[in-house]
Every structure is written in structure tokens, then in C-alpha cells.
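Written below as C-alpha cells is the structure these notes are about.
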Amino acid sequence: MYNVVLIRYGEIVLKGNNRSKFEKKLVDNVKYALREEDVKITFSQARLYVEPNDPLDLDRIVNKLKKVFGIVSLSLAVKIESDWEKIKETSVKLMEEENMGKTFKVEARRGDKSFPLQSMEIAKEIGGYVLSKVKGLKVDVNKPDTLLSIEVRESTYIYLNKIPALGGMPVGTNGKGLLLVSGGIDSPVAGFMLARRGVEIDALHFFSPPYTGVKAREKVVELCKIVSQYSGKINLYIANFTEPQLAIRDNCPPEQMVLLMRRIMMRVAERVANEKGCDALITGENLGQVASQTMKSIVATNDVCSIPVFRPLIGMDKNDIIDIAKKIGTFETSILPYEDCCTIFVPKHPETQPKIEKLERSETHLEIDKIVDEVVNNLERIEIKNN
Ligand code: ATP
Ligand code: MG
């Protein structure tokens, strides 16, 4: 019997200009997420309402809305005109058809002050009426199984439960970042986490044909598709990293391979970020996870770039990262066993306590500027859209 989705967002922390920016973006992002649905979207008094032409589409619509950042919770509701008899009958019908609990409580809100009954009176009257009509129910004002909510506004909305959503900030309210995305578990999660803070995402992936195959590349595209269900459109830049890797292999000490590689990646990433209007880099680095992520290694990698590098997973436990990957739907794809360019030419004993001067000395054997130019000038762009 539901015919509308009611959307709540985290407006409380926002003031003034920020709030209207937040609201405008949220509306845009909801429209984008539902661009293939036949719906009417309205915005009023710090609420968003989505009315489908066909109520059978509601479940699918809710699933899409659950991935829009900025939404704190949703409710499936019945929208009716603000007529007292209709409110009473609809409340009873809703409790009969949709309620699973044994105890209930009514909560009412009167947004339309011309309505003759006040909030407390509405709650009391409806509570009594439902109790007299629906068998086996009890009132529990402290810990009810079901909260029957009635909001009297220009229309009246009646609903039972709140469906939690992801919260966060609407994507686009907090700048744009360049996600260094590999095919692993961590980087897609890092992208998700920053998108949740309102950051728009572009992505950069390094691959090394023929050492890394087509499947590895497809996997990254697939991972970006999943992330884009939350972040919206992603421009994925694919960078050919074969030449730099061969140059390092042929000219530098093997134990420095990974760090030298990562320092070139960061230089390329900074250039791409500047060219594409991204104000920060985002990586899935996690302190101590592998040789290239010890404190000293991260310092050495970070040393070559001057824009901020956001590492949202830095202090997390691997299991917590995996939990998020499973929840957002990237895990199954991430564990597919294809080579990444970080796993080829990897020495048996990589450096874990690198000295920056030593790395710099090795880099004099490489034509760093030319290598970076070459990679940056030969990017391929793939536009990734969700659903
Ligand atoms: P992930 O699970 O994200 O692959 P990881 O634990 O395997 O991370 P590394 O391989 O050391 O760790 O990579 C650390 C970070 O460097 C990644 O999270 C990612 O942000 C970036 N990175 C690694 N490989 C690539 C690549 N091929 N292209 C772009 N970025 C990469
Ligand atoms: Mg990796």
C-alpha cells in the first residue's frame, strides 16, 4: 500500500550557505541515481519525497537510494490527503498489512498548523483507534516493536519504520580527488570512504601489458563501476606503466624496485590530478601491511608529491577493511586472482627502511621527467557510469 519514499538527511550539522549547497547537491544526486526511474521528486521542509508512477518499483528505488551519500534514513510511506477519517483508516490498514510487531506507539507531527488537532492529540486519538481495531496489539511507549509515525503536512504521510542509509555528505560537496585504484581490496574501499565525505572521484590505474593481462584491466573497470554506484560518474584514466617498470628493473637495485615504482606512480598521479582538476590523491595504503607501506616507505613515497595524499585506511585493521569491501560489494571482484603491476618484478627482499637519498641516487639513472611525461601524455580515459 506504500506509494512514496520519504528521505531524511543529515541537515543538523549544517548551517547557512553550506546547508543549501548540501541540499541542492543531494537533490541532484538523487535525481541522477534515479535517472532511469519513472518518478516525481519533491523537496519540502528538509525532506525529500520520491513518488513512483508505479508503486511496484518502490523496492528497486529504495535500493538505489540506499547508495546515495547524504541520506541518513528512508521510510516507505503512504501519502494521503490530510483528512482525519482517511488518516484513521489508513493507520489501521497499515498496521494490519505491514506491522510485524506486537507492541506499538504512535508518534505524530503537525507541520500544517491549520490542521485542527495538535500533535499530541493526533497521536493519542490514532493510538486509541488502532488499538480498538487491530487485534492482539499492545501499546508500549518506552520500547515499542513498531513506531507508527504520522506527519501531517500539505499532505499526510504515514509510515512504520526507518530504513537506515549510509549518511555522509552528498558527492560533489567536497571537491574532487584522484583515486589510485589497483585491482586489490583496499583502494576501492578508500574511494568509497572519501566519496562518503562528499568527494567526487576520478581514478587512475597503472597497468603493464603484456605482463598484466586484459582480465586484470577489466577487473579494475568492474571495481570502478561498483564504486560509481555510490560516487556517481568516474573518469578512469589508464596509464601504461610497462616502460617505467622495465627502466627501473634494468637500471636500479632490485630491492628498491617497488619504492621507485611507487615514487613514479605518485609523480604521474600528481600531474594527472593537476591536469584534471583534482585537489588531492587518494590511496588504499594501510600502515605496515606490506614492505612498501612501512612508515619509512610511506614517507619515501610521499616525498615526491606536494598535493595532499588521503589515505583513509591508514590505521585500519585488514578485517575491518574486508568487512567494508563485502558490504559495498567490491570484495568478490577484488579477490579474483589477476596480476597487478605491483606484483610483477617484485624482489624477494624488498627494502622496508628506505633512505630517501639512496632512492634519489638510483633515480639519477632514470630519466624521470621524460618517463613521467611519456606516461601522462599517453593516458586512456574510460567514462564509468553506474547501472
Ligand atoms: P590494494 O588492495 O588497493 O591493491 P595493496 O594492499 O595491494 O592495496 P599496494 O599494492 O602496496 O597495496 O598499493 C598501495 C596503494 O597504491 C593501493 O591501495 C593503490 O591506491 C595504489 N596502487 C597500487 N597499485 C596500483 C596500480 N596498479 N594502479 C594504481 N594505483 C595503484
Ligand atoms: Mg595492490
Side-chain angles (χ1 to χ4, degrees), residues 177-194 201-209 211-213 215-224 226-227 234-242 244-245 257-273 278 280-298 300-302 304-305 309-322 324-326 328 330-347 350-352 354 375-376 379-380 382:
L178 183 67
L179 172 68
L180 280 86
V181 64
S182 67
I185 295 170
D186 303 327
S187 43
V189 172
F192 168 88
M193 285 176 72
L194 266 294
I201 303 289
D202 273 355
L204 173 64
H205 175 65
F206 295 93
F207 82 140
S208 300
Y211 303 97
T212 63
K215 290 265 188 211
R217 194 187 132 117
E218 282 170 2
K219 176 180 169 182
V220 170
V221 170
E222 183 54 33
L223 287 172
C224 286
I226 301 171
V227 174
I234 293 178
N235 287 306
L236 167 63
Y237 299 98
I238 308 263
N240 189 320
F241 212 54
T242 311
Q245 282 195 281
M257 178 80 209
V258 179
L259 283 168
L260 292 172
M261 216 171 84
R262 295 200 52 79
R263 280 163 62 96
I264 296 182
M265 280 186 178
M266 297 308 266
R267 289 180 176 103
V268 170
E270 177 160 5
R271 280 269 301 275
V272 175
C278 300
L281 304 180
I282 303 162
T283 76
E285 285 164 303
N286 178 239
L287 197 61
Q289 199 184 85
V290 287
S292 59
Q293 297 179 31
T294 62
M295 176 90 75
K296 288 264 188 288
S297 296
I298 289 179
T301 309
N302 198 66
V304 297
C305 50
V309 181
F310 294 152
R311 300 177 174 89
L313 313 186
I314 197 70
M316 286 176 74
D317 201 84
K318 187 76 190 187
N319 287 329
D320 296 336
I321 300 171
I322 289 174
I324 301 178
K326 286 183 176 161
I328 68 178
T330 51
F331 183 75
E332 293 302 325
T333 306
S334 288
I335 58 175
L336 295 173
Y338 307 123
E339 286 283 359
D340 178 65
C341 70
C342 283
T343 54
I344 57 173
F345 308 146
V346 170
E351 181 69 86
T352 58
V375 177
V376 172
L379 294 177
E380 181 192 343
I382 304 176

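Counting starts at 1 for both ligands and their atoms, following the listed order. All values reported here derive from a predicted model rather than from experimental measurement.
Contacts with ligand 1 closer than 4.0 Å are made by backbone heavy atoms (N, CA, C, O) of Val181 only, the side chain lying farther away.
Using modelled atom types, no side-chain atom of Asn240 and backbone atom of Pro209 make a donor-acceptor pair closer than 3.5 Å.
The two residues Pro188 and Thr330 have their closest heavy-atom pair at CB-CG2, 3.9 Å. Ala239 approaches Val375 most closely through the heavy-atom pair CB-CG1, 3.7 Å. Scanning all heavy atoms of the two residues, the minimum distance from Leu287 to Ile298 falls at CD1-CD1, 4.0 Å.
Side chain to side chain, Glu222 and Thr333 fail the donor-acceptor criterion of an N or O pair below 3.5 Å. For the residue pair Ser187/Ser182, the side-chain donor-acceptor check at 3.5 Å is satisfied.
With sequence neighbours left out, Phe241 forms a ring pair (Phe, Tyr, Trp, His ring centres under 6.0 Å) with Phe206. Partners of Val309 under the side-chain contact (heavy atoms from CB on, under 4.5 Å) rule, at least two apart in sequence or in another chain, are Met266, Leu281, Thr283, Asn302, Cys305, Arg311.
Of the candidates Leu281, Val220, Leu180, it is Leu180 that places a heavy atom closest to atom 30 (N) of ligand 1. Remark: among candidates Asp186, Ile321, Thr212, Leu313, the nearest residue to atom 5 (P) of ligand 1 is Asp186, based on non-hydrogen atoms.
Counting heavy atoms from C-beta outward, Arg217 and Thr212 have side chains that stay 4.5 Å or more apart.
Taking every non-hydrogen atom of Leu204 and a distance limit under 4.0 Å, the qualifying atoms of ligand 1 come out as 29 (C). The Arg262 neighbourhood of ligand 1 comprises atoms 13 (O), 14 (C), 15 (C), 16 (O), 21 (C), 22 (N), 23 (C), with distances under 4.0 Å to a heavy atom of that residue. Those atoms of ligand 1 with a heavy atom of Ser292 less than 4.0 angstrom away are 11 (O). Under a 4.0 Å criterion applied to the non-hydrogen atoms of Gly284, ligand 1 contributes the atoms 17 (C), 18 (O), 20 (O). Close approach to Gly184 involves these atoms of ligand 1, each under 4.0 Å from a residue heavy atom: 1 (P), 2 (O), 4 (O).
Inclusion of Phe206 in the set of residues having an N or O under 3.5 Å from an N or O of ligand 1 is warranted. In terms of polar-atom proximity, defined here as any N/O pair under 3.5 Å, Lys318 makes no such contact with ligand 1. The shortest N/O to N/O separation between Thr283 and ligand 1 does not fall below 3.5 Å. Ligand 1 has no nitrogen or oxygen under 3.5 angstrom from a nitrogen or oxygen of Met265. Between Ile185 and ligand 1, at least one N/O pair is under 3.5 Å apart.
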